[in-house]
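Reminder, nothing fancy here: chain letters follow the sequence lines and each chain counts from 1.
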Amino acid sequence: MSLTSSPAAGLTVGVDAQQHQTAVQELRLFNFHANDVREVKSVEPEHAITLLEEVCFYGKATVTANPNYTRCTDVWFKGKCKMPSDYGGYIVDVVYTVQYLSQSGDSGGPWFHNERAFGITYGGCHPTDNQNPTWGAFTPVDFFHRINAGVMARDWLVSGQVLNAGQMLVSEDGRSELVMQHDGNLVLYQNHVPVWASLWLGVPMIPGTLVSMQLDGNFVMWNNGVALWSTSTWGSLGNRIKLQSDGNLVVFTTAWTPLWASNTCCI
Amino acid sequence: MRRLGWRTALAGLAACCMVAVASGTGHASGARLSSAPWEGEPGTSHVPEDPGLGEPILEHGPDGTYLVNADGSWVRVQSSEESLEQDLRDYAKVKGWTVEQARHRHAESEAVGEVAVRIAGVRPDVFVGSALGPTPDEGNPMIYIKGPADDEIRALAAHPTTPIDIIDNQPYSAAELDERLALLMNTLDQVGYDNFASAYDIRQRGRLMVNIQMRPGLPDDPEIVRSLLPREISQDIEIWLSLEPASHPDSAYAGLWMGHLNSPNPDYTRCTSGYSTFGRSPRAPHISTAGHCRLLDQFKRFPRAG
């Protein structure tokens, strides 16, 4: 559980999420069924979550009890839920769903659509008359930055993440790639054609260079402790860099305010 | 099943890119410099931060991509095309629509979501939220705007393929609605209620709603509760009180519900894992779950077991 303050109101609101280090290498995958996985290609920004939008769900308990369970429903309201005191008593941000699909044992399970991560299961939460208590609730994964975490997705880096030599971001639609090449050049390809490269900006190509989305919000190319280039976007904690499907590479704040762009839009 | 070696596929990918840029960096025009084919689906390979941790690997083959665990077990990674079609089929079935209606709906939600993020990023002072019509055949997607929509908002709301209606002159921005909810929740918390949930409805000018589980010694009349609320939120809110809990997390106590759970008590309710995450250390792999799940140090996790 992470608690954060709402600066404007001076109030405390939490996020019903936690992360734990694992003993095995995690890949960008999630279960959409008991023995089937998908790759996380993108994360749904908080503000993109739309009333009556489709969203689907996986929970280990539910699928064990009923393999033919109903998986998909609609997004409903955005709101806040008070966890009972025996669960810690926190007030947490949630997104409601039209149907309450989950059950005990499903907490933390993924909410998604296609290959995009939306949230993780909170449980049942009913902001209206209990005579119709059908609404479920999930925690948007876009709020994970409040617990200093970020979902691994192939189209973005969140603060603390690095692209080492040989690694890449890929836009959700698969048409654009940002590659940290072994030769030290950071290159953005659109349909396999380079449209932006750090070398074109005068950055020297040195093998072993990596690029980091730093905790201070700056996106920096490093080689042996020497900063070679940056987006100069420091000063905003939690910034993330996203390779959009339109081909633009953009640094955003946690509120999705754009701070820097490669200006390689639009394909 | 014939599957290609994961490392082989990755090596092919890297070689492709190195060649392309080595020959192309002197040409700022961005002319096509490489037509080398990609081996496997670009981007599905992931280089482990530490090869020592890399027990589960992705392998690509002509019949799909597979996640192979250290013990040799494997699961299939559903392709992009399969995953979208499955979700559209499932959603259409739930709604009683055709798959094509669900597809149309999906396109609308993609378009309005894109516009919403654009407006929220550039004009957070006026962004309220977004909504779809009740069915695929009823109305365009909608963007809600605080106050009158100006030319900049209209330009930001334009989408090349999907018409989007602007519902302006709303009283509160999304940030203000969030603050109003936080004020409501903290007030009820201070009054002493223990179990309650709230929301706002952008289609009703941000009207608040709250459902409270009654508690001995505290008011059970909605009008008395209303009188306890700050003036700025007390008049535009629907209040329900009930004997039943408004909020019930799906689980607590004990570890993730995994294929090989190592819990000290099998009767504990368990949780489900969510997504792979990064912590502050990019080299440390993590997995997410709900915050209210406890005793997670008790679990022993096997890769992608559910």
cation_pi(B:Arg123, A:Trp256) dist<6.0 Å, angle<=45: no
Min side-chain heavy-atom separation [X]-[Y] under 4.5 Å:
X	Y	result
A:Arg71	B:Asp87	yes
B:Gln78	A:Asp36	no
A:Arg38	B:Val77	no
B:Arg203	A:Phe77	yes
B:Tyr275	A:Pro110	yes
A:Thr257	B:Val122	no
B:Tyr91	A:Thr73	no
B:Ser247	A:Pro84	yes

Counting only non-hydrogen atoms closer than 4.5 Å, does [X] touch chain B with its backbone (N, CA, C, O), its side chain (CB onward), both, or neither?
X	answer
A:Phe252	neither
A:Thr121	both
A:Phe112	both
A:Trp111	backbone
A:Ile49	backbone
A:Val141	side chain
A:Val151	both
A:Asp155	neither

Trace of the side-chain contact (heavy atoms from CB on, under 4.5 Å) decision for B:Glu110 with A:Arg116: CA-CA 11 Å; B:Glu110 290 288 283; A:Arg116 186 179 304 164; 2.8 Å; yes
How long is the span from the [atom1] atom in [X] to the [atom2] atom in [Y], to the nearest 0.5 Å?
X	Y	atom1	atom2	value
B:Gln213	A:His126	CD	NE2	11.0 Å
B:Thr272	A:Asp106	OG1	CG	5.0 Å
A:Glu53	B:Ser109	CD	OG	4.5 Å
A:Leu52	B:Met142	CG	CE	7.5 Å
B:Leu181	A:Asp93	CG	CG	8.5 Å
B:Asn211	A:Cys81	CG	SG	9.5 Å

Chi angles and distances behind the side-chain contact (heavy atoms from CB on, under 4.5 Å) call for B:Val117, A:Glu46: CA-CA 8 Å; B:Val117 170; A:Glu46 173 202 357; over 6 Å; no
Do you know which of [options] has the most heavy-atom pairs with chain A at a distance under 4.5 angstrom?
options	value
B:Val94, B:Val210, B:Asp201	B:Asp201
B:Gly121, B:Gly133, B:Ala120	B:Gly121
B:Ala131, B:Ser198, B:Ala116, B:Gly113	B:Ser198

Pair A:Lys82 + B:Asp189: basic N to acidic O under 4.0 Å: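 A salt bridge is present here (some side-chain N lies under 4.0 Å from a carboxylate O).
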Pair B:Asp178 + A:Lys78, salt bridge at N-O below 4.0 Å: no
Among A:Pro127, A:Gly79, A:Pro258, residue most engaged with chain B (heavy-atom pairs, under 4.5 Å):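 The answer is A:Pro127.
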Results of salt bridge (charged side-chain N to carboxylate O under 4.0 Å, His left out) for A:Arg175 - residues two or more places apart only: A:Asp173
Contacts of B:Arg105 that satisfy salt bridge (charged side-chain N to carboxylate O under 4.0 Å, His left out) - sequence neighbours left out: none
Proximity of A:Tyr122 and B:His292 rings by center, below 6.0 Å: yes
Region of B:Lys93 that comes under 4.5 Å of a non-hydrogen atom in chain A: neither
Trace of the side-chain contact (heavy atoms from CB on, under 4.5 Å) decision for B:Asn186 with A:Ile91: CA-CA 8 Å; B:Asn186 278 268; A:Ile91 296 170; 4.0 Å; yes
Check: A:Ser85 main-chain N/O paired with B:Asp194 side-chain donor or acceptor under 3.5 Å: yes
Between A:Glu115 and B:Ser80: side-chain donor-acceptor atoms closer than 3.5 Å: yes
Any side-chain donor near an acceptor of the partner, A:Gln19 and B:Ser288, under 3.5 Å: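 Result is no, nothing qualifies.
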Whether A:His47 and B:Phe127 hold their rings parallel, tilted or perpendicular, with breakpoints at 30° and 60°: perpendicular
